[in-house]
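Before any comments, here is the structure.
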Amino acid sequence: MMRKLFCMEYEEEMPDFWREETAVGVVEIILILVVLISLVLIFKKQLTSLVKGIFAQINSSASDIY
């Protein structure tokens with residue numbers, strides 16, 4: 001009985017703490033960032049060669065214009 005009274009008083013002071021789900025979004029964003037960073041680290045060589053190839057094409061096309 002004492003526990004029930006304590007919970008009822010405590011529930012009035014605490015505004016929907018257990019029903020809030022704002023932290024869920026933060027956890028999801030952190031997990032997505034971890035996955036993206038790990039993918040970048042795994043495929044680092046392939047990504048750098050791809051970016052170098054793209055910039056080489058951009059530079060050759062730009063030199064044709066000028």
Side-chain angles (χ1 to χ4, degrees):
M1 173 129 175
M2 184 70 161
R3 183 176 180 197
K4 192 173 189 179
L5 289 174
F6 176 74
C7 290
M8 291 174 75
E9 290 175 12
Y10 193 66
E11 186 176 309
E12 291 174 3
E13 294 176 8
M14 198 166 187
D16 298 328
F17 177 76
W18 298 109
R19 294 183 199 142
E20 287 186 25
E21 296 180 359
T22 54
V24 173
V26 174
V27 171
E28 290 172 352
I29 292 173
I30 290 173
L31 287 174
I32 290 170
L33 286 174
V34 166
V35 169
L36 287 175
I37 290 171
S38 62
L39 286 174
V40 167
L41 291 175
I42 290 171
F43 297 110
K44 184 179 178 182
K45 289 182 182 179
Q46 290 88 348
L47 288 172
T48 52
S49 66
L50 177 69
V51 170
K52 285 181 183 180
I54 291 172
F55 278 121
Q57 277 186 327
I58 291 172
N59 286 334
S60 67
S61 297
S63 65
D64 291 342
I65 294 173
Y66 290 112

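Cluster annotation: I29 is not connected to I37 through the hydrophobic network of ILVMFWY side chains, with a link wherever side-chain heavy atoms come within less than 4.5 Å. Under the 4.5 Å side-chain heavy-atom criterion for Ile, Leu, Val, Met, Phe, Trp and Tyr, V27 and V35 are members of distinct hydrophobic clusters.
At least one donor-acceptor pair closer than 3.5 Å links the side chain of S49 to the backbone N or O of Q46.
Here the CG-NZ distance, from L47 to K44, works out to 10.5 Å after rounding to the nearest 0.5 Å.
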